[in-house]
Trainee: 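Please read through the structure below; I'll follow up with questions.
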Amino acid sequence: MDDFLKSMAQTTNEHELYALLSPYKDRQLSIRFMVSVLSHESDWQRSLALLDWINEVASYRPSVFAYNVVIRNVLRAKQWVVAHGLFDEMRQRALAPDRYTYSMLITHFGKEGLYDSALSWLQKMEQDNVPGDLVLYSNLIELSRKLGDYSKAISIFSRLKRSGIRPDLVAYNSMIHVFGKAKLFLEARIMLTEMRANGVTPDTVSYSTILSMCVENDKFVEALSVFSEMNDAKCSLDSTTCNIMIDVYGQLDMAKEADRLFWSMRKMGIEPNVVSYNTLLRVYGDGELYGEAIHLFRLMQRKGIEQNVVTYNTMIKIYGKSLEHEKAGNLVQEMQKRGIEPNAITYSTIISIWAQAGKLGRAAMLFQKLRISGIEIDQVLYQTMIVAYERAGLIAHAAVCSMSLNNRTISLERLPLRFLPELVE
DNA sequence: GCGTACCGGT
């Protein structure tokens, strides 16, 4: 008990605690106080200790609310087993988990990718006849979307509306996303009208979700019209919107407009981020504006703007396209020196560049090195090497590579090495 | 109690 008080003293007024907790004076008051302390506690272990005290020392049955607070903290700390235990404990004490309890459990397990667990909590909730509310339904819509079950998301949305709940901005934005993924473009656009009719003003996220849906489906011209609709509605832009539009302009071969938008961001009070830079870099590369690309890349370094693996992969691709193969290779060294680890995309880009430059031996050697080093080689990386061999007319090598891809248990890893002498430039 | 959108390789 003393230890417990000491630990509680870290977050509360020690004097007050002692006064209220001399439990033999007024037990009811100290319990009430402890429950209120509990509601402000965010450390999961301390809140658990508090709950135990209420349970055991005070022999008082905590409320569902008290359990919900502790379960929330436990879930935030990703203590899944403890959460299960608390849920069972509630049941044993004949406390009925409510929609908050279920909402938290479903959301946190779902967010962690533990979809099966999340769905089993939903099942329990339905068995308990606990009615959903807006937040719970929104969470379920998001969960279904992440699972790729768009028709489930759509049916939850209509269940929500049927039960008389008015969707809010977040729910509508989620649905725009769902309709977009389900390729129901018209329905996604209709959401904008429906939300306005229900007094919910579409925000930046609503529009940029539609914009990225357009991009994902190569509807770049439609993106332009959505963008002007957004401007007409006086909806403010942010970095994400600008990034999407820089991409759109690039895809439409409107590098000038992309450029103009990027360089006007700061005037609009939007700080371009690494994604903005990476996107403009790619637009420059696609437009064969190699000088601009190199300049931008080095400008980032001079100005100390964050560069990541995508920045380097993009720039490596550009050097490949401008036939500066050595510089592409140098960038791999440079990124490693700066602590940015190359990934499968870096390697497939560089292998494809070397193969096209007629340096198949070098490409094969790198591929071999990756295999031996145990770096994860994904489908595209294999495919890149297979295509490189095929283009060079080395069908046997391509076949060996395909066999390793299709059946990684076949131990043919050493074979390409045996062929290597013929390949050296 | 909960929460959404943007960049790179065949």
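Each chain gets a letter, A, B and so on, in the order the sequences are listed, and its residues count up from 1.
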Trainee: Could you check whether A/Val309 gets within reach of a base, just the sugar-phosphate, or nothing at all, counting any heavy atom under 4.0 Å?
Mentor: base
Trainee: Between C1' on B/dC2 and CZ on A/Phe157, what's the gap in Å once rounded to a whole number?
Mentor: 16 Å
Trainee: Have a look at A/Asp168 and say if it touches a base, only the backbone sugar-phosphate, or nothing, with a 4.0 Å heavy-atom cut-off.
Mentor: base
Trainee: Round to the nearest Å and state the distance from A/Arg99 atom CZ to B/dC2 atom C1'.
Mentor: 13 Å
Trainee: Could you check which of B/dG9, B/dA5, B/dG8 has an atom nearest any side-chain atom of A/Ser348?
Mentor: B/dG9
Trainee: Quick one: closest heavy-atom pair of A/Leu143 and A/Ala118, and the distance?
Mentor: CD2-CB, 3.7 Å
Trainee: Quick check on B/dG8: is either OP1 or OP2 less than 4.0 Å from any side-chain nitrogen or oxygen of A/Lys317?
Mentor: no
Trainee: Could you work out which one of B/dT4, B/dG9, B/dC7 sits closest to the side chain of A/Asn308?
Mentor: B/dC7
Trainee: Please work out if A/Ser174 contacts a base, only the sugar-phosphate, or nothing of the nucleic acid, heavy-atom cut-off 4.0 Å.
Mentor: nothing
Trainee: Within this structure, what is the CG-to-P distance between A/Asn68 and B/dG1, rounded to whole angstrom?
Mentor: 9 Å
Trainee: Hey, do the aromatic rings of A/Tyr137 and A/Phe157 have their centres closer than 6.0 Å?
Mentor: no
Trainee: So, is A/Arg282 close to the B/dG8 phosphate, meaning a side-chain N or O under 4.0 Å from OP1 or OP2?
Mentor: yes
Trainee: How many Å lie between CG on A/Asp247 and C1' on B/dA5, as a whole number?
Mentor: 13 Å
Trainee: Just call it for A/Leu381: base, sugar-phosphate, or nothing, with non-hydrogen atoms closer than 4.0 Å on any strand.
Mentor: base
Trainee: Could you tell me how far apart A/Leu169 (CG) and B/dT4 (P) are, to the nearest whole angstrom?
Mentor: 12 Å
Trainee: Measuring from the side chain of A/Arg145 (C-beta onward, heavy atoms only), which nucleotide among B/dG8, B/dT4, B/dG1 has the closest atom?
Mentor: B/dT4
Trainee: If only atom types and distance count, is the side chain of A/Lys321 paired as donor or acceptor with the main-chain N or O of A/Gly285 below 3.5 Å?
Mentor: yes
Trainee: So which nucleotide from B/dT4, B/dG9, B/dC6 ends up closest to the side chain of A/Val205?
Mentor: B/dT4
Trainee: Would you mind reading off the distance between A/Met213 atom CE and B/dT4 atom P, rounded to a whole angstrom?
Mentor: 20 Å
Trainee: Of the nucleotides B/dA5, B/dC2, B/dG8, which has the atom closest to the A/Arg76 side chain?
Mentor: B/dC2
Trainee: Hey, does the side-chain of A/Asp378 have a donor or acceptor N/O within less than 3.5 Å of a partner on the base of B/dG9?
Mentor: yes
Trainee: Which of the following nucleotides, B/dA5, B/dG8, B/dC2, is nearest to the side chain of A/Arg72?
Mentor: B/dC2
Trainee: Is there a donor on the side chain of A/Asp133 or the base of B/dG1 sitting less than 3.5 Å from an acceptor on the other?
Mentor: yes
Trainee: Does the distance from a Lys or Arg side-chain N to an Asp or Glu carboxylate O, for A/Glu334 and A/Lys337, drop under 4.0 Å?
Mentor: no
Trainee: Expressed as a whole number of angstroms, how long is the span from A/Tyr207:OH to B/dC6:P?
Mentor: 18 Å
Trainee: Ignoring hydrogens and angles, are the base of B/dG8 and the side chain of A/Asn343 linked by a donor-acceptor pair under 3.5 Å?
Mentor: yes
Trainee: Could you work out which one of B/dG1, B/dT4, B/dG9 sits closest to the side chain of A/Asn173?
Mentor: B/dT4
Trainee: Any N or O donor-acceptor pair under 3.5 Å from the base of B/dA5 to the side chain of A/Ser208?
Mentor: yes
Trainee: Please confirm whether any donor atom in the side chain of A/Thr349 sits under 3.5 Å from an acceptor in the base of B/dG9, or the reverse.
Mentor: no
Trainee: Quickly work out the A/Asp238 CG to B/dC6 C1' distance and round it to whole Å.
Mentor: 9 Å
Trainee: Let's go through A/Tyr150 and A/Leu184 carefully: what are the C-alpha distance in whole Å and the side-chain angles of both, what is the deciding distance for side chain to side chain contact (heavy atoms under 4.5 Å, CB included) to 0.1 Å, and is it a yes or a no?
Mentor: CA-CA 10 Å; A/Tyr150 306 126; A/Leu184 298 165; over 6 Å; no
Trainee: Given the side-chain rings of A/Tyr249 and A/Phe220, with only the six-membered ring counted for Trp, is the space between their centroids under 6.0 Å?
Mentor: no
